[in-house]
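All heavy atoms count here, side chains included; hydrogens, waters and symmetry mates do not.
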Amino acid sequence: MAAALGLPGDARPSDLDGGWVVGDYAGAHFSLQLWGGAYFQSGIPDALSVCERSATDLHGRDKMNDDGTWAFGQEMIRCMAETPLPSDDLVNESVSLFLSALGIDESATHITVTPDGSARMTTATAALLVENNVTEIVARVTVSAQGIMYASGPTGEIVSLGAYTVVSPAEAGDRLSDPAFSARMVSSPDDQSVPLTPLAAPPEAPKPGSAVPWRVHDREVVSVRLGLALLLDDVNLHRYLVPTYEFTASDGSVWSVIALAEDELDTTGSG
């Protein structure tokens, strides 16, 4: 994997996590953890660090310009503004290179690209597709105009454990309010903020014996979908893609509960 990313050298046991590493942790290196996570750092510095060094070399930290502006700060602004974002082609090539090095079929992933203009870099997230579900098994690649800065992703194979009994959507709906199943927020509407009304004066203190405010949210479920959620067994670090119902409410929020029947669950290790 390291060689495919252009990093020479032999793998050696890692002192940090019990896995293996190629290269130097202080610079370019590739590490593989015992539980299958891979991490690559190319040694390419981020734009902020480059511009800080450049501005310090030119002006130091305290020099002022003739017009009274802070020389270091002005140079930082100029340097960052002139640092290009990576091209789309470079981002695509970088993602393809990293996924190929890890043995991941790029056509079996869902890729999301997020540019960061302030840091002059772009992060691409490639989520594995399983049974047409976008999973939480992801590889992430962060790219500057000079190439991959750092990347991480999975290396293990997904193995089928066979057929399991799945409860009905109605039974799963009852689990939304059952603490034993810990309904999980999957996503929420982009804007749930409520504008605050300006106060003309400090509010009065609550009166003794008055009820304590406690907001109760009523949500109407408008759709349900059977998908897959990533669960971690924190004892042996196995990761499970488990059938899970996703309930979408009228306000756009999405909640999920595990869809397996209770006799398919091992609760002996529950705290």
Student: So do the side chains of Phe181 and Leu176 get within less than 4.5 Å of each other, counting heavy atoms only?
Tutor: no

Student: Would you mind reporting whether Glu262 and Arg175 have side-chain heavy atoms less than 4.5 Å apart?
Tutor: yes

Student: Less than 6.0 angstrom separating the ring centers of His29 and Tyr39, yes or no?
Tutor: yes

Student: List, by chain and then residue number, the residues other than Leu16 in its hydrophobic cluster (Ile/Leu/Val/Met/Phe/Trp/Tyr, side-chain heavy atoms under 4.5 Å); write none if there are no others.
Tutor: Val21, Tyr25

Student: For the residue pair Glu246 / Ser256, report whether a side-chain donor-acceptor contact shorter than 3.5 Å exists.
Tutor: no

Student: With no hydrogens and no angle check, do the side chains of Thr142 and Thr123 hold a donor and an acceptor under 3.5 Å apart?
Tutor: yes

Student: With side-chain contact (heavy atoms from CB on, under 4.5 Å) as the criterion, how do Leu260 and Val167 come out once you've worked through the C-alpha distance, each side chain's angles and the decisive distance to 0.1 Å?
Tutor: CA-CA 6 Å; Leu260 295 182; Val167 300; over 6 Å; no

Student: Do Gln74 and Thr69 have side-chain N/O donor and acceptor atoms under 3.5 Å apart?
Tutor: no

Student: Nearest 0.5 angstrom please: Asn92 CG to Ile111 CD1, how far?
Tutor: 7.5 Å

Student: Looking at Asp15, I'd like to know if its CG atom is crowded, meaning that more than 12 non-hydrogen atoms belonging to other residues, nucleotides or ligands lie closer than 6.0 Å.
Tutor: no

Student: For the residue pair Asn236 and Asp233, confirm or rule out a side-chain donor-acceptor distance under 3.5 Å.
Tutor: yes

Student: Asp46 and Ser49: side-chain donor and acceptor closer than 3.5 Å?
Tutor: yes

Student: Output yes when Arg184 and Glu136 qualify as a salt bridge under the 4.0 Å nitrogen-oxygen rule, no when they do not.
Tutor: yes

Student: Any link between Phe247 and Val254 through a network of hydrophobic side chains (Ile, Leu, Val, Met, Phe, Trp, Tyr) touching at under 4.5 Å?
Tutor: no

Student: If we only count heavy atoms from C-beta on, is the Ile44 to Ile148 side-chain gap below 4.5 Å?
Tutor: no

Student: State plainly whether one hydrophobic cluster holds both Phe30 and Leu97, where clusters connect Ile, Leu, Val, Met, Phe, Trp and Tyr through side-chain heavy atoms under 4.5 angstrom apart.
Tutor: yes

Student: Is there a path from Leu161 to Ile258 through hydrophobic residues (I, L, V, M, F, W, Y) whose side chains come within less than 4.5 Å of each other?
Tutor: yes

Student: Start with the C-alpha gap between Val22 and Asp10, add the side-chain angles, then the distance that decides, and say whether side-chain contact (heavy atoms from CB on, under 4.5 Å) holds.
Tutor: CA-CA 6 Å; Val22 175; Asp10 296 326; over 6 Å; no

Student: For the pair Arg12 (side chain) and Gly23 (backbone), establish whether a donor and an acceptor sit closer than 3.5 Å, ignoring hydrogens and angles.
Tutor: yes

Student: Please report the closest heavy-atom contact between Ala4 and Ala101, naming both atoms and the distance.
Tutor: CB-CB, 3.8 Å

Student: Ignoring hydrogens, what is the shortest heavy-atom contact between Phe98 and Ser152? Give both atom names and the distance.
Tutor: CE2-O, 3.4 Å

Student: Between the side chains of Thr135 and Asn133, is a donor N or O closer than 3.5 angstrom to an acceptor N or O?
Tutor: no

Student: What I want to check is whether the side chains of Arg120 and Ser144 have a donor and an acceptor closer together than 3.5 Å.
Tutor: no

Student: Tell me whether the rings of Tyr240 and His238 are parallel (<30°), tilted (30 to 60°) or perpendicular (>60°).
Tutor: perpendicular

Student: Should we say atom CG of Asp24 is surrounded by more than 12 heavy atoms from elsewhere, each under 6.0 Å from it?
Tutor: yes

Student: Are Val138 and Leu228 in one and the same hydrophobic cluster, where Ile, Leu, Val, Met, Phe, Trp and Tyr link if side-chain heavy atoms are under 4.5 Å apart?
Tutor: no

Student: Hey, what do you get for CZ (Arg219) to OG1 (Thr248), rounding to the nearest 0.5 Å?
Tutor: 12.0 Å

Student: Check the side chains of Thr114 and Asp116 for a donor-acceptor pair under 3.5 angstrom, ignoring hydrogens and angles.
Tutor: no

Student: So, taking the atom named CG in Leu85 and the one named OG1 in Thr122, what distance separates them when rounded to the nearest 0.5 Å?
Tutor: 5.0 Å

Student: Using the rule that two of Ile, Leu, Val, Met, Phe, Trp, Tyr join whenever any of their side-chain heavy atoms come within less than 4.5 Å, decide whether Leu5 and Ile104 are in one cluster.
Tutor: yes

Student: Looking at every heavy atom in both Val134 and Ala127, which two are closest together, and how far apart are they?
Tutor: CG1-CB, 3.6 Å

Student: Testing the 3.5 Å rule here: is there a donor-acceptor pair between the side chains of Ser87 and Asp89?
Tutor: no

Student: Please determine whether the number of non-hydrogen atoms from other residues, nucleotides or ligands lying under 6.0 Å from atom CD of Glu82 exceeds 12.
Tutor: yes

Student: Is the number of heavy atoms from other residues, nucleotides or ligands within 6.0 Å of CG (Asp66) greater than 12?
Tutor: no

Student: Of all heavy-atom pairs between Gly6 and Pro8, which one has the smallest distance, and what is that distance?
Tutor: O-CD, 3.4 Å

Student: Return the NE2 to CZ distance between His59 and Phe72, rounded to the nearest 0.5 Å.
Tutor: 9.5 Å

